[in-house]
Amino acid sequence: QVHLVESGGGLVQAGDSLRLSCVASGRTFSSYTMGWFRQAPGKERDFVAAIVWTTGSRYYADSVQGRFTISRDDAKKTVYLQMNSLKPEDTAIYYCGAYRSWVTVRDPSTYDYWGQGTQVTVSS
């Protein structure tokens with residue numbers, strides 16, 4: 001069992017930065033792929049970034065490549081999402097997810113656990 005709690009969201013202006021954090025409980029945090037997804041009102045939950053526990057490989061959505069960075073600290077059981085050069089279209093609720101495998105890191109339906117989400121709003 002893994003319990004996830006996100007934090008770090010807020011209201012910022014275009015071009016600003018935010019760092020989201022996701023703290024996990026549970027003994028096997030280091031055995032999970034961790035991902036960030038986002039969901040805007042009336043839209044589906046979209047993949048943002050993921051980091052694989054076995055290899056440390058990182059994956060990003062094209063829309064955030066070069067602006068966002070995912071990282072993890074297994075000792076702190078925390079995964080981060082550093083978001084730079086934010087745009088209004090980045091506005092959404094951001095969710096942290098934990099996935100026992102690494103095969104379909106971009107598919108939210110395969111994730112085993114989710115946090116409650118944190119709101120990010122970027123004004124123009």
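Just so you know, these numbers come straight off a predicted model, no measurement behind them.
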Just by distance, with hydrogens left out, do Arg106 and Tyr60 show a side-chain donor and acceptor under 3.5 Å apart? no

Got a second to check how far Cys22's SG is from Tyr80's OH, nearest 0.5 Å? 10.5 Å

Exercise: do Thr78 and Asp73 side chains pair donor with acceptor under 3.5 Å: no

Assess Arg45 against Trp114: is NZ or CZ under 6.0 Å from the centre of the six-membered ring, and within 45 degrees of the ring's axis? yes

Going hydrophobic residue to hydrophobic residue with side-chain gaps under 4.5 angstrom, can you get from Val52 over to Leu4? no

Side chains of Val48 and Leu81 in contact at under 4.5 Å (non-hydrogen atoms): yes

Between Arg38 and Asp46 (salt bridge meaning N to carboxylate O under 4.0 Å), is one present in this structure? no

Is it possible for you to say whether Val23 and Val2 belong to one hydrophobic cluster, with membership spreading through side-chain heavy-atom contacts below 4.5 Å? no

CD/Gln116: more than 12 non-hydrogen atoms of other groups inside 6.0 Å: yes

Donor-acceptor side-chain pairing of Thr110 and Thr104 below 3.5 angstrom: yes

Report yes if the distance between the aromatic ring centroids of Phe37 and Phe47 is under 6.0 Å, otherwise no. yes

Taking the ring of Tyr99 and the ring of Trp102, is the distance between their centroids below 6.0 Å? no

